[in-house]
2 protein chains.
Amino acid sequence: MMRVSDKHSKITQAAVKVFAKKGFFNARISDIAKEAKVADGTIYLYFNNKYDILISLFEDEIGKIILQVKLLLEKEDDPCQKLHIFAKHHLLLLEEKKDLAEVLQMELRQSNEFMKEYRNTKFIEYIDIISAIIHQGQDMGIFNKAISPGIAKRAIFGALDEMSRLWVLADDPHYTIEETADQVCNLFLNGLKNPPAPTT
Amino acid sequence: MMRVSDKHSKITQAAVKVFAKKGFFNARISDIAKEAKVADGTIYLYFNNKYDILISLFEDEIGKIILQVKLLLEKEDDPCQKLHIFAKHHLLLLEEKKDLAEVLQMELRQSNEFMKEYRNTKFIEYIDIISAIIHQGQDMGIFNKAISPGIAKRAIFGALDEMSRLWVLADDPHYTIEETADQVCNLFLNGLKNPPAPTT
DNA sequence: GATTTTTATGAATCGATATTCATTTTTGGT
DNA sequence: ACCAAAAATGAATATCGATTCATAAAAATC
């Protein structure tokens, strides 16, 4: 017998593909079933309903991402570097798992009564990684204390998320991931304004 | 007889409400018809199909926003101030037209074959306002020329958009719009890092 | 290898709803 | 007031697709 988890994850992987291609509402259960090579009914042995596939997919996958990025950050002390690592890791998701990136984006935007109820604690955990970095930087005296970490974490996440959207939609990305991560970090660390002229 | 445009816009306004509440796919034509106080069939005298309502709504409304914000920016020369104006205007939309803000966000994220085809030129026109400001700042020598306006425009839009999302979903906003606009601008203009200590 | 338990199947059900169109109402001109 | 054209109606249509469940296959137990 195939291990239970194998079928669960086969269906999840198939759902990622299908949701990314068609969007949640246009994706049919039978599409996911076909992609996963199981019967339609089998899906209901592992998930309660269509929405449950999306939610459970989101929590599983973002959980993995949180673990990965926290592990990477552990080794680093400098908050600037940490921000770099976070940004690069976030954007690299696109290269490695384009479909997943697309679905995660989508999930956050499902605007309806259901989603407004659902408190997305995993997502909050993810962006709180950013505010923790900012706090640390402020405590170390490197970051400006006038910046609200609660706002900045959203701004930084939003910026990265929007860069993702660009990649997902555009066929020819104008910039590389490296370039983009560097640019975004530079922007957030140093700002748009020119540094005051060096005192000669 | 009621002017044609009145009915068209009655339906559009109703659609904004219903889409915001239920999301595009869960919104029924009959919901929109009821909200607009017209018959279901009447909607098809003004729009080709359900998707057409969304697209046309988006283009009309974002068109108005572009006009408004361009008018506001005309009077101002300083790029920093311009950025402030843009940010504040973007966030104020939320206060004035929460439903619309929600629908505009949603529209951008409908991830499916259809949306990937649809080249959203109005949206591009909107965010190009930001890159124009950045260009101007760079030409004037105020902004760092190492920043790519093409990336920064996305980052700034993404940050503002994410702040919107927070408001739309959260019942108790922690920050005021003024505060948020100031914080976001400060972040983008000056960056996270502390300014170098003044040379005494 | 027979029996029980677990897992999988996919055709049938059942509700939903986008769209159509025959009919009615309103309008504007005479 | 009457007529033709335009606008509006809303019940009927026609399709779609999530979910169920009686049945079958596979695995575990004896």
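In what follows, every chain begins at residue 1, and chains take the letters A, B, ... in the order their sequences are listed. Keep in mind that the numbers below use all heavy atoms, side chains included, and drop hydrogens, waters and symmetry copies.
- Residue pairs meeting the side-chain hydrogen bond (donor to acceptor under 3.5 Å, both in side chains) criterion with at least one member in residues 135-145 of chain B, sequence neighbours excluded: B/Lys82-B/Gln136.
- To the nearest angstrom, P of C/dT7 lies 13 Å from CD1 of A/Ile11.
- Residue B/Ile32 contributes atom CD1, which lies 17 Å from atom P of D/dG10 at whole-angstrom precision.
- The distance between atom CZ of B/Phe47 and atom C1' of D/dA8, rounded to the nearest whole Å, is 15 Å.
- Atoms OH (B/Tyr46) and P (D/dA7) sit 7 Å apart, rounded to a whole Å.
- In this view, B/Lys88 and B/Glu178 satisfy the side chain to side chain donor-acceptor pair (under 3.5 Å) rule, not counting sequence neighbours.
- Residues satisfying the side chain to side chain donor-acceptor pair (under 3.5 Å) criterion with B/Glu59, sequence neighbours excluded, are B/Tyr118.
- Protein atom OH of B/Tyr51 is 18 Å distant from nucleotide atom C1' of C/dT19, rounded to whole Å.
- Below 30°, between 30° and 60°, or above 60°: for A/Phe25 and A/Tyr51 the angle between ring planes is above 60°, a perpendicular geometry.
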Distances under 3.5 Å between nitrogen or oxygen atoms of protein and nucleotides 9-11 of chain C:
| unit_1 | atom_1 | unit_2 | atom_2 | d |
| --- | --- | --- | --- | --- |
| C/dT9 | OP2 | A/Ala39 | N | 3.0 |
| C/dT9 | OP2 | A/Thr42 | OG1 | 2.5 |
| C/dG10 | N7 | A/Gly41 | N | 3.2 |

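- Atom-to-atom, NE2 of A/His8 to C1' of C/dA8 comes out at 16 Å; the value is rounded to the nearest Å.
- Checked against ring-ring contact (aromatic ring centres under 6.0 Å, His included), A/Phe157 has the following partners two or more places apart in sequence or in another chain: A/His90, A/Phe123.
- Remark: B/Asn190 engages A/Lys193, B/Asn186 in a side chain to side chain donor-acceptor pair (under 3.5 Å) (not counting sequence neighbours).
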Table of protein N/O atoms under 3.5 Å from nucleotides 14-18 of chain D N/O atoms:
| unit_1 | atom_1 | unit_2 | atom_2 | d |
| --- | --- | --- | --- | --- |
| D/dA18 | OP1 | A/Ala27 | O | 3.3 |
| D/dA18 | OP1 | A/Lys50 | NZ | 3.4 |
| D/dA18 | OP2 | A/Ile29 | N | 2.5 |

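- When rounded to the nearest whole Å, the span between CG of B/Asn48 and P of C/dA18 equals 16 Å.
- Looking at residues two or more places apart in sequence or on another chain, you find a side-chain contact (heavy atoms from CB on, under 4.5 Å) between B/Thr12 and B/His8, B/Phe47, B/Leu57, B/Glu61.
- Under the side chain to side chain donor-acceptor pair (under 3.5 Å) criterion, B/Gln68 pairs with B/His89, not counting sequence neighbours.
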